[in-house]
Trainee: 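Here you go, one structure.
Not measured: the values here are computed from a predicted model.
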Amino acid sequence: QVQLVESGGGLVQAGGSLRLSCAASGRTSSSYNMGWFRQSPGKEREFVAAITWNGGSTYYADSLKGRFTISRDNAKNTLYLQMNSLKPEDTAVYYCAARRDEFFYTSDYVRDDRYDYWGQGTQVTVSS
């Protein structure tokens with residue numbers, strides 16, 4: 001069992017930055033592959049970024065490459081999402097998720113139903 005708790009969300013002006021954190025607890029949490037997703041009102045949850053258990057590989061939604069950076073510190077059991085040059089359309093609830101199995105296919109990290117554990121989410125609001 002893995003518990004995930006996100007933090008770091010808030011209100012920021014367009015062009016600003018935020019760093020989200022996701023604290024993981026559980027004996028083997030550092031061996032999980034991790035992802036960030038987001039959901040805006042009236043929209044489906046969408047993939048943001050993913051990272052393998054050792055940080056060796058990272059994956060991003062094409063539209064977010066260059067602005068968002070995913071990273072992890074396994075010594076602290078913490079996942080991060082650095083978000084720069086934020087836009088109003090980035091406003092959403094951001095969720096972290098953990099997957100036991102490897103990312104064998106692209107679908108394994110972009111589909112939310114391929115993850116085993118989820119946090120409660122943290123709200124990010126970008127004002128224009």
Side-chain angles (χ1 to χ4, degrees):
Q1 190 78 5
V2 174
Q3 291 80 42
L4 304 172
V5 179
E6 301 95 336
S7 62
L11 175 63
V12 64
Q13 288 189 334
S17 298
L18 279 176
R19 189 177 79 157
L20 305 183
S21 299
C22 172
S25 61
R27 194 161 53 92
T28 59
S29 60
S30 62
S31 67
Y32 282 63
N33 297 295
M34 304 289 292
W36 285 100
F37 288 76
R38 67 185 185 183
Q39 188 168 23
S40 304
K43 294 186 178 181
E44 293 188 352
R45 190 157 52 188
E46 65 173 347
F47 169 72
V48 173
I51 188 168
T52 52
W53 70 272
N54 62 355
S57 295
T58 57
Y59 310 93
Y60 296 92
D62 288 342
S63 62
L64 301 176
K65 285 180 182 176
R67 294 197 299 122
F68 288 17
T69 303
I70 189 171
S71 62
R72 67 191 296 166
D73 184 341
N74 284 344
K76 296 181 179 180
N77 286 331
T78 303
L79 174 73
Y80 301 100
L81 183 68
Q82 178 68 44
M83 305 185 294
N84 298 328
S85 302
L86 283 163
K87 304 175 181 179
E89 51 264 42
D90 294 319
T91 294
V93 177
Y94 285 72
Y95 299 90
C96 66
R99 171 179 163 89
R100 283 189 298 266
D101 292 333
E102 298 291 333
F103 293 140
F104 294 111
Y105 307 102
T106 300
S107 58
D108 289 335
Y109 55 82
V110 301
R111 288 181 53 163
D112 60 3
D113 62 350
R114 300 298 174 92
Y115 289 79
D116 302 295
Y117 302 101
W118 290 85
Q120 83 291 346
T122 186
Q123 176 70 47
V124 172
T125 303
V126 184
S127 64
S128 57

Trainee: For residues 115-128, which residue pairs qualify under salt bridge (Lys or Arg N to Asp or Glu O under 4.0 Å), counting only residues two or more places apart or in two chains?
Mentor: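 Pairs touching residues 115-128 that pass the test: R100-D116.
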Trainee: With rounding to the nearest 0.5 angstrom, report the NZ to OG distance, K87 to S128.
Mentor: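 If I round to the nearest 0.5 Å, the distance is 14.0 Å.
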Trainee: For S17, check side-chain contact (heavy atoms from CB on, under 4.5 Å) against everything at least two apart and list the hits.
Mentor: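 S17 satisfies side-chain contact (heavy atoms from CB on, under 4.5 Å) with Q82, N84 only.
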Trainee: Answer yes or no: is there a donor N or O on one side and an acceptor on the other, between the side chain of T52 and the main chain of S57, under 3.5 Å?
Mentor: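 The answer is yes, because a donor-acceptor pair under 3.5 Å joins these two groups.
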Trainee: Taking all heavy atoms of S30 and all of N77, pick out the closest pair and write down the distance.
Mentor: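 Scanning both residues completely, I find the closest heavy atoms to be CB-OD1, 3.8 Å.
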Trainee: Do R114 and Y105 have side chains that approach each other closer than 4.5 Å (heavy atoms only, starting at C-beta)?
Mentor: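 No, side chains not in contact.
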Trainee: Could you tell me whether the side chain of T78 and the main chain of K76 form a donor-acceptor pair under 3.5 Å?
Mentor: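 Present.
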Trainee: Output yes when a side-chain donor or acceptor of R99 lies under 3.5 Å from a complementary backbone atom of D101, and no otherwise.
Mentor: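 Looks like yes, one N/O pair under 3.5 Å.
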Trainee: Got a donor-acceptor contact below 3.5 angstrom from the T58 side chain to the S71 backbone?
Mentor: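 Pair absent, no side-chain N/O of T58 close to backbone of S71.
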Trainee: Examine distances only and state if a side-chain atom of N74 and a backbone atom of W53 form a donor-acceptor pair shorter than 3.5 Å.
Mentor: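 Confirmed, N74 side chain pairs with W53 backbone.
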Trainee: Distance alone, cut at 3.5 Å: any donor-acceptor contact between the side chains of Q13 and S127?
Mentor: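 No pair is found: no donor N or O on one side chain lies under 3.5 Å from an acceptor on the other.
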Trainee: I want to check something: taking the side chain as every heavy atom from C-beta on, are R19 and Y80 in contact at a cut-off of under 4.5 Å?
Mentor: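 SC-SC contact between R19 and Y80 confirmed.
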Trainee: Check for a donor-acceptor pair, side chain of T122 on one end and backbone N or O of G9 on the other, with a separation under 3.5 Å.
Mentor: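 Answer holds: yes.
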Trainee: What pairs meet the salt bridge (Lys or Arg N to Asp or Glu O under 4.0 Å) rule with one or both residues in residues 45-70, with sequence neighbours excluded?
Mentor: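 Found R38-E46, R45-D112, D62-K65, R67-D90.
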Trainee: Who else is in W118's hydrophobic cluster (ILVMFWY, side-chain heavy atoms under 4.5 Å, direct or via others)?
Mentor: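 Other cluster members: F37, F47, Y59, V93, Y95, F103, Y109, V110, Y115.
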Trainee: Can you sort out the partners of Q120 under side-chain contact (heavy atoms from CB on, under 4.5 Å), two or more places apart, ordered by chain and number?
Mentor: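 Scan of Q120 (side-chain contact (heavy atoms from CB on, under 4.5 Å), adjacent residues dropped) gives V5, E6.
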Trainee: If you link I, L, V, M, F, W and Y whenever their side-chain heavy atoms are under 4.5 Å apart, who else ends up in the same group as L20?
Mentor: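 When side chains under 4.5 Å apart are linked, the cluster holding L20 also contains V2, L4, V12, L18, Y32, M34, W36, V48, I51, Y60, L64, F68, I70, L79, L81, M83, L86, Y94, Y117, V124, V126.
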